[in-house]
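Step one of this worksheet: look at the structure below.
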Amino acid sequence: MSADGEFGTTEGSAAGQDSCIAAEEAAGAQVMPYSTGCKTALSNFEAALDYRAVPDPAVMVSFPIVGDADNAALVAWTTTPWTLPSNLALCVNANLMYAKVKDKSNGAVYVIAESRLGQLPVKVKASGKKQAPSKGSNAEAVQDGLDKESYGLLAKIPGASLVGLKYTPLFDFFIELQETAFRVIADNYVTDDSGTGVVHCAPAFGEDDHRVCLAAGIFETAGLVVAVDDDGCFIEKISDFKGRYVKEADKDIINAVKDKGRLVSKGSIEHSYPFCWRSGTPLIYRAVPSWFVKVEKIKDQLLECNKETYWVPDYVKEKRFHNWLEGARDWAVSRSRFWGTPLPLWISQDGEEIVVMDSIEKLEKLSGVKVTDLHRHYVDDITIPSKRGPEFGVLKRVDDVFDCWFESGSMPYAYIHYPFENRELFEKNFPGNFVAEGLDQTRGWFYTLMVLSTALFGKPAFKNLICNGLVLAEDGKKMSKSKKNYPPPKDLIDEFGADSLRLYLVNSPVVRAESLRFKRAGVFAVVKDVFLPWYNAYRFFVQNAKRLEVEGLASFSPMEQAVLLKSSNVLDHWINSATESLVSFVHQEMDAYRLYTVVPYLVKYIDYLTNIYVRLNRKRFKGRTGEEDCRISLSTLYHVLVTTCVVMAPFTPFFTEVLYQNLRKVSSKSEESIHFCKFPSTTGERDERVEQSVNRMVTIIDLARNIRERHNKALKTPLKEMVVVHPDNDFLEDITGKLKEYVMEEINVKTVTPCNDPLLYASLRAEPNFSVLGKRLGKDMGKVSNAVKKMTQEEILAFEKSGEISLFSHRLKLDDIKVIRQFKRPENVSEKEIDAAGDGDVLVILDLRADQSLFEAGVAREVVNRIQKLRKTAQLEPADPVDVYYESVGNDKNTLEEILKSQDQYIRDALGSPIVPKEMAPKDVVVLGEESHNVHDMSFVICIARSTPILSPDVLSHASGNSNHVETLRVYLLSRSLSRLKNQFQTGNGMHPNFD
């Protein structure tokens with residue numbers, strides 16, 4: 001800082017321009033938010049950190065006008081009665097109209113803004129009840145807000161005519177200023193939206209009061225007396241209330257005003273009031289000597305620098321932060337504290353000479369003292385000789401320390417000791433890539449970062465910013481340790497895992513700068529919707545990879561992805577493309593710092609992975625389509641799981657690491673940790689047609705299931721035919737070609753018939769999309785709407801083909817018009833026989849009529865379902881081989897046997913083995929479970945069993961007569977399943993699976 005009070009730039013400084021960092025000595029004191037708890041001024045953004053709703057007194061006080069013919073008094077309203085002893089002026093708005101009214105109950109005459117007449121108190125009758133307007137005469141009793149039964153209008157006075165009037169002061173504590181004070185002044189900050197249109201001015205305790213009174217000559221800068229000390233107590237001069245804390249003196253001051261006959265009304269108001277963010281005490285506004293950063297000087301530059309930054313969400317930047325910068329005031333950076341970074345300012349006793357220490361070297365050179373510590377108790381006693389000569393004494397350091405927010409805002413360069421060290425490191429990495437903090441820091445850290453970097457470097461301190469909201473208790477209140485209104489984080493982590501908690505917060509409104517009502521159920525929902533399905537897909541893969549070894553085949557080893565991309569299976573292509581889309585989406589959203597969009601996409605992806613890819617490929621995974629196809633499907637799932645884990649590792653570091661550590665065992669190229677892996681890059685190898693076709697297939701399946709539910713047709717009941725109506729031949733080709741077997745299996749229909757003629761099974765009608773067109777069309781909306789509704793089917797088809805249509809000079813696109821397809825049922829067919837469902841894009845028609853073949857297929861499905869449930873009851877693993885037997889116990893034994901024979905291939909595909917009559921079971925089978933069932937009046941018993949090895953008598957000849965050896969061998973063989981025993985003998989050493 002130079003002698004005129006400006007921080008300058010030294011040879012090694014960061015700034016190459018005139019800086020805005022300036023100082024004003026005590027004579028230039030400003031009214032600042034002041035903490036009586038910390039005994040120091042606060043910056044305007046610190047004052048905004050803790051606002052609370054509190055009740056305060058609200059009083060109207062009269063100020064008699066000197067020499068008025070009607071003995072009228074101006075009426076001022078205030079919520080800070082403690083400032084009344086320091087009143088020096090009244091301020092009005094010269095552009096407002098004021099009214100002089102007479103109180104009919106006591107003859108008092110008041111002057112108040114005409115638009116605020118309704119704020120005058122309504123007098124009370126002798127009965128103790130307030131006067132009420134006569135029935136039917138409310139308009140006459142209250143005119144222009146004035147209660148005519150209580151007050152009479154004497155005159156209307158322009159605000160400009162009031163300027164210069166003298167009034168009788170309320171107290172005599174500042175009577176020495178009567179030559180210049182106690183008169184009416186004017187300023188536009190006075191409004192008529194609250195109060196009385198007359199503002200009482202105490203220039204030591206109000207920012208606007210100080211400004212307008214100084215400009216009007218009410219006081220001189222050096223002559224301002226601050227009637228409140230550093231503790232917030234009245235000084236000796238305010239003799240009636242000396243030593244009293246200002247907030248506690250309100251009641252006594254109001255009583256004193258009442259005793260003087262100057263109290264017009266007394267009430268209470270609840271409003272938002274600032275509190276000290278450190279001490280929790282209410283702030284007051286108080287004139288204090290301080291050193292300031294001239295923020296207003298660089299306001300335009302701040303706004304330009306803000307435009308160079310990217311914020312998530314952007315509205316915080318465009319609204320909240322932009323508005324705060326537009327109203328930025330000079331920043332008071334000095335604090336009256338002991339602990340803190342000392343202000344490096346040395347000043348002479350007469351204030352004419354100021355030296356800024358920009359380095360330890362400079363301080364040592366000017367003072368001749370070796371400096372080893374920069375804390376106050378080391379540097380406060382260091383003095384500097386005056387350049388003007390010994391007769392001017394020495395320069396001493398000012399008592400103040402830096403506002404801690406100044407240090408926070410200096411972080412990007414201060415933490416690496418720039419510019420004294422690491423110059424190249426700093427210049428290569430500034431501005432920083434991104435910062436993240438809470439919404440409250442728009443007036444805190446974000447603000448100070450922007451101010452200091454703009455002042456010093458002419459650029460913002462950061463390129464990107466993520467702004468988060470507040471995490472509240474479930475009831476919407478602030479989380480409180482004393483109230484214990486939140487679940488302990490350690491308990492949540494122990495129960496659900498750290499990743500679940502992290503993902504819950506990432507997927508919440510908090511990352512969009514909104515508040516979150518924290519719910520334990522929300523964390524559990526993440527476990528249920530994300531981690532359990534994800535883990536189930538992983539577990540299914542491991543089980544089927546192990547099964548290869550159990551069945552005596554070569555251990556699983558993943559094929560190269562280049563080979564897998566040549567797979568002929570459409571769902572392999574689809575899941576690879578969907579995974580590529582996931583990688584691309586996460587790249588896109590992470591680049592844009594939109595964390596909150598990733599989890600919904602992941603949930604959808606995992607749902608597709610488990611309920612489409614895994615579910616529809618179960619036969620392939622279990623080896624029922626051949627070993628080669630099985631290995632292709634398992635390898636595809638392996639690469640999908642690994643890629644998903646690597647992509648999601650930044651979001652779920654622990655869960656993905658656990659999965660990865662097991663998956664990497666079969667790959668020699670894997671990194672030691674998932675967090676050492678490179679983030680997957682996008683290859684661009686996406687098949688959008690396959691993705692769209694599978695998405696439509698899912699829609700078809702959902703629509704068909706809806707039809708079944710409407711008619712109580714269980715999925716186990718097969719249906720004859722499903723017709724898919726859609727104009728896109730490529731889509732129909734996929735549904736009736738590559739995807740046909742999956743559709744038929746999921747819907748349980750015998751045939752799938754395509755139809756590209758929308759009018760064969762449906763009628764079309766068009767409706768305008770009012771939510772889109774309403775604002776755009778305005779007055780034309782009515783006629784355009786009628787024209788859309790009158791479109792013929794041919795016109796609708798032409799519109800769908802071209803993608804647009806012109807109506808009354810308005811060009812409408814596909815999003816502007818809704819095309820609704822209504823099912824056209826064939827004649828002489830009821831809803832129970834044929835029904836349909838659509839989503840506006842595709843129409844699905846189901847033939848619900850049954851025949852004998854469908855009945856038999858339905859019985860077979862029921863039997864398979866019972867067998868699968870019995871396996872679960874017996875606690876068998878999916879890979880455990882068993883034999884299945886049945887016994888018909890009803891009168892129609894032959895019927896059940898014929899049905900099972902006719903459905904033998906379906907049963908083999910579903911179970912992996914045939915179902916055999918119980919009488920054909922070997923004598924030595926071990927029964928694992930048995931249940932009785934009745935399906936369509938056919939009773940039967942199902943039995944699952946495991947064959948055991950039989951010890952041949954020939955073995956005895958090899959036992960050398962040792963019966964104990966023979967018995968031991970027999971027990972061992974009986975304890976093992978044939979398939980596992982076969983595998984162990986083949987491998988020789990009983991090699992364990994690769995997977996845990």
Side-chain angles (χ1 to χ4, degrees), residues 615-626 629-630 701 704-705 708 711-722 736 739-753 846-874 876 878 880-921 925 928-947:
R615 177 183 171 85
L616 300 186
N617 277 311
R618 284 170 296 185
K619 292 179 184 178
R620 299 176 67 210
F621 289 125
K622 293 179 179 180
R624 292 171 193 164
T625 57
D629 195 37
C630 172
I701 292 172
R705 285 175 177 168
R708 281 181 168 275
H711 295 274
N712 295 318
K713 295 282 186 180
L715 275 173
K716 292 188 287 292
T717 303
L719 298 176
K720 185 177 181 180
E721 182 186 24
M722 178 175 73
T736 56
L739 298 171
K740 182 178 180 179
E741 63 172 299
Y742 299 114
V743 175
M744 291 173 62
E745 183 178 352
E746 282 298 294
I747 303 304
N748 194 12
V749 293
K750 295 301 180 183
T751 59
V752 177
T753 304
L846 277 183
D847 188 338
L848 303 171
R849 294 170 290 193
D851 58 22
Q852 182 59 29
S853 65
L854 297 179
F855 171 75
E856 291 178 357
V859 171
R861 280 211 169 215
E862 292 283 1
V863 172
V864 169
N865 178 259
R866 303 301 196 277
I867 293 170
Q868 299 288 31
K869 288 181 178 179
L870 183 56
R871 286 181 61 97
K872 287 185 179 180
T873 303
L876 295 175
D880 289 340
V882 292
D883 299 320
V884 184
Y885 304 98
Y886 76 96
E887 180 183 6
S888 183
V889 295
N891 296 324
D892 47 3
K893 294 181 181 181
N894 294 335
T895 303
L896 180 62
E897 185 174 348
E898 290 173 3
I899 290 175
L900 295 180
K901 283 182 179 179
S902 69
Q903 299 295 320
D904 179 67
Q905 189 58 51
Y906 163 73
I907 293 172
R908 285 175 180 270
D909 290 342
L911 299 178
S913 63
I915 180 170
V916 180
K918 192 173 182 181
E919 59 264 24
M920 297 177 63
V925 295
L928 304 177
E930 190 173 88
E931 285 181 349
S932 298
H933 296 283
N934 186 288
V935 174
H936 296 294
D937 297 326
M938 289 179 285
S939 299
F940 56 92
V941 175
I942 293 174
C943 172
I944 57 174
R946 178 175 291 155
S947 299

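Computation of the quantities below employed the complete heavy-atom set of this structure, encompassing side-chain atoms and omitting hydrogens, waters and symmetry-equivalent molecules.
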Between Lys918 and Glu930, is the closest basic N to carboxylate O distance under 4.0 Å?
yes
Between the CZ atom in Arg615 and the OH atom in Tyr742, the distance rounded to the nearest 0.5 Å is 13.5 Å
Say you draw a straight line from OG1 of Thr873 to CZ of Arg866; how long is it, rounded to the nearest 0.5 Å?
12.0 Å
Approximate separation, where rounding is to 0.5 Å, of Ser913 OG and Arg908 CZ:
8.0 Å
What distance separates Lys901 NZ from Glu898 CD, expressed to the nearest 0.5 Å?
8.0 Å
Checking side-chain polar atoms at under 3.5 Å, does Glu721 have a donor or acceptor matched by the opposite partner on Thr753?
yes
Could you check Ile944 against Leu876 for side chain to side chain contact (heavy atoms under 4.5 Å, CB included), going step by step and ending with a plain yes or no?
CA-CA 11 Å; Ile944 57 174; Leu876 295 175; 3.9 Å; yes
Compare all side-chain heavy atoms of Val941 with those of Val889 and state whether any distance is below 4.5 angstrom.
yes
Nearest heavy-atom neighbours spanning Lys750 and Met744
O-CE, 2.9 Å
Minimum heavy-atom distance Ala704-Met722, with the two atoms named
CB-SD, 4.1 Å
Show the numbers, then the answer: is there a side chain to side chain contact (heavy atoms under 4.5 Å, CB included) between Glu862 and Met938?
CA-CA 11 Å; Glu862 292 283 1; Met938 289 179 285; over 6 Å; no
What's the spacing between Arg618 CZ and Glu745 CD if we round to 0.5 Å?
6.0 Å
Do Asn865 and Arg861 make a side-chain contact, defined as non-hydrogen atoms from C-beta onward lying under 4.5 Å apart?
no
Looking at Asp629 and Arg620, would you say the former's side chain and the latter's main chain have a donor-acceptor pair under 3.5 Å?
no
List the steps and the verdict of side chain to side chain contact (heavy atoms under 4.5 Å, CB included) for Ile907 and Leu900.
CA-CA 8 Å; Ile907 293 172; Leu900 295 180; 3.9 Å; yes
Determine, step by step, whether Tyr886 and Ile867 satisfy the side chain to side chain contact (heavy atoms under 4.5 Å, CB included) criterion, reporting the C-alpha distance in whole Å, the side-chain angles of both residues, the deciding distance to 0.1 Å, and the verdict.
CA-CA 10 Å; Tyr886 76 96; Ile867 293 170; over 6 Å; no
Using a 4.5 Å cut-off on heavy atoms from C-beta on, say whether the side chain of Ile747 contacts that of Leu719.
no
Using only atom types and a distance under 3.5 Å, with no angle test, would you say the side chain of Arg624 pairs donor to acceptor with the backbone of Ala910?
yes
Is it the case that the side chain of Thr625 and the backbone of Cys630 share a donor-acceptor pair, with hydrogens and angles ignored and the cut-off at 3.5 Å?
no
Ile915 and Tyr885 have their tightest heavy-atom pair at CG1-C, 4.5 Å
Please check if the side chain of Arg708 supplies one atom and the backbone of Ala714 the other of a donor-acceptor pair under 3.5 Å.
yes
Say you draw a straight line from CG of Asn712 to CG of Leu848; how long is it, rounded to the nearest 0.5 Å?
11.0 Å
Can you confirm whether Lys622 is buried at NZ, in the sense that more than 12 heavy atoms of other residues, nucleotides or ligands lie under 6.0 Å from that atom?
yes
